[in-house]
Amino acid sequence: RCQYRLCQLIEAIASFDELQASYPTSQYVDNSLDYEARAAADLGDCTAAHAALTVLQTDFPGSPSIATAEAYVLPICP
């Protein structure tokens, strides 16, 4: 059994993955990658955090979500 916050983060990542897979052209994909990277960083999964950040940077180079994701993730997962 996991702690409440931990469960929320794990469920959130699954929801972000589902949105990205089900609606790849959605206007919310870049935001979901931002939040997925943050949630992974909060879980201490720097590999997953960097993977989401890389997809965000590569697939959405003009997105303002890049700056917010980098500002949150990089101090936790340098």
Peer 1: Can I get a per-line list of side-chain donor-acceptor pairs under 3.5 Å for residues 21-30, giving both atom names and the distance, sequence neighbours left out?
Peer 2:
from: S22; atom 1: OG; to: E18; atom 2: O; distance (Å): 3.0
from: S26; atom 1: OG; to: Y28; atom 2: N; distance (Å): 3.0
from: D30; atom 1: OD2; to: S63; atom 2: OG; distance (Å): 2.6

Peer 1: Can you list everything that forms a side-chain hydrogen bond (donor to acceptor under 3.5 Å, both in side chains) with E11? Sequence neighbours excluded, please.
Peer 2: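 Testing E11 for side-chain hydrogen bond (donor to acceptor under 3.5 Å, both in side chains), a comparison that skips the adjacent residues, returns none.
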Peer 1: I'd like to know if L43 and V73 are part of one continuous hydrophobic network [Ile/Leu/Val/Met/Phe/Trp/Tyr, side-chain heavy atoms within less than 4.5 Å].
Peer 2: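 Different hydrophobic clusters.
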Peer 1: Under 3.5 Å, which donor-acceptor pairs link side chains of residues 51-59 to any protein atom two or more places apart or in another chain?
Peer 2:
from: T54; atom 1: OG1; to: H50; atom 2: O; distance (Å): 2.8
from: Q57; atom 1: NE2; to: E70; atom 2: OE2; distance (Å): 2.7
from: T58; atom 1: OG1; to: T54; atom 2: O; distance (Å): 2.8

Peer 1: Considering all heavy atoms of both residues, which atom of N31 and which atom of S65 are nearest to each other, and what is their separation?
Peer 2: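 In terms of heavy atoms, the two residues are closest at OD1-OG, 2.8 Å.
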Peer 1: Hydrophobic cluster mates of Y35, side-chain heavy atoms under 4.5 angstrom, ILVMFWY only, any path?
Peer 2: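 Same cluster as Y35: F16.
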Peer 1: Can you pull the disulfide bond (SG atoms under 2.5 Å apart) pairs that have at least one residue in residues 11-67, sequence neighbours excluded?
Peer 2: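 Disulfide bond (SG atoms under 2.5 Å apart) check on residues 11-67 returns C46-C77.
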Peer 1: State, to 0.1 Å, how close S32 and L19 come at their nearest heavy-atom pair, and which atoms those are.
Peer 2: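 Heavy-atom minimum between the residues: OG-CD2, 3.8 Å.
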Peer 1: So, for A41 and A49, which heavy atoms are closest and what is the spacing to 0.1 Å?
Peer 2: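 Scanning both residues completely, I find the closest heavy atoms to be N-CB, 3.8 Å.
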Peer 1: Among all residues two or more places apart in sequence or in another chain, which pass the salt bridge (Lys or Arg N to Asp or Glu O under 4.0 Å) test with D42?
Peer 2: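 By the salt bridge (Lys or Arg N to Asp or Glu O under 4.0 Å) rule, D42 matches R5.
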